[in-house]
2 protein chains.
Amino acid sequence: MSIQESGEMYLETIYILSKKNSFVRSIDVGEYMGYSKPSVSRAVGLLKNGGYITVDKEGYISLTDVGTEVAEKMYERHKLLTDLLIKLGVDEETATEDACRIEHHISDKSFEAIKKHINQF
Amino acid sequence: MSIQESGEMYLETIYILSKKNSFVRSIDVGEYMGYSKPSVSRAVGLLKNGGYITVDKEGYISLTDVGTEVAEKMYERHKLLTDLLIKLGVDEETATEDACRIEHHISDKSFEAIKKHINQF
DNA sequence: ATAATAAGTTAGCTTCGGCTAACTCTGAAA
DNA sequence: TTTCAGAGTTAGCCGAAGCTAACTTATTAT
């Protein structure tokens, strides 16, 4: 099971919520993303199945190493792309939205290239 | 019917093929994009229906004004994003691939911001 | 004239990832 | 103790956009 764009978004959300709160449940993920409980339930099942997260008896979700890797990658891209767009004069809201979509569609190569040049923008 | 990412790709392809050849048929679009005839057939039907293209009795496809607008927008983004990535040191193939995906996910605002700063990269 | 090829369409399948409705289960409150 | 709220799951729908198989139709070649 290779991870899809949607899976990446869920993992990134779990990562963000984990940093903010002491625990993350499906319901929190759904609220944050604006998705229904069944949608989250299925996604969580798939991610668990794929080895990206674990869920304990309390329903608390944790990222595995692999899951953390994916989530951090997305999060790093998100931050850097947002930064870049803001530096270029884009308003914060638009920058965040665009970064959120672009982060899933850019190759490692391109991302590294942007990262290397970010300071000269 | 609002245009989807897939529709944008078809329109851009039709635009590119129109500049290269004297006519564009469904079969040409399919060959260029690597899609099957039925896939193209349906997409062409939807785009025709949506007022983005016209198809004459010969099966020759033309972009309407609206279709041209969308196609040119995508094409411009494609070129500019490819340029940008290449300037940042990304190899041409990767740059083209990434540009092709990003072009559908970036807002007008962000694109204009990149365009304004492209020369200083 | 017949047969073969090319282009397009139709029917119907698949996966992805949303959704609602309706169920279960658990823990807290009356 | 009974009831109710919150969280999660199950079943099943939907649209988007690929696909194959099999058909039609028109042109070209024998």
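Model, not experiment: these values are computed from the prediction. Letters A, B, ... mirror the listed sequences (proteins, then strands); counts begin at 1.
D/dA16 atom P lies 12 Å from atom CD1 of B/Ile3, rounded to whole Å. Atom pair A/Lys57:NZ and D/dA7:P shows a separation of 18 Å (rounding to whole Å applied).
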task = Starting at the 5' end of nucleotides 8-23 of chain C, put B wherever the base has a protein heavy atom under 4.0 Å, S where only the sugar-phosphate does, and a dash everywhere else.
result = BBB------BBBBB--
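For the side-chain hydrogen bond (donor to acceptor under 3.5 Å, both in side chains) test, residues two or more places apart in sequence or in another chain that qualify with A/Ser39 are A/Ser36. For A/Phe111, there are no ring-ring contact (aromatic ring centres under 6.0 Å, His included) partners, not counting sequence neighbours.
Using a 4.5 Å cut-off on side-chain heavy atoms (C-beta onward), A/Ile118 and A/Leu84 make contact.
B/Gln4 and B/His104 form no side-chain donor-acceptor contact under 3.5 Å, judged by distance and modelled atom types alone.
Residues B/Leu47 and B/Tyr35 are members of one and the same hydrophobic cluster, defined by side-chain heavy-atom contacts under 4.5 angstrom among Ile, Leu, Val, Met, Phe, Trp and Tyr.
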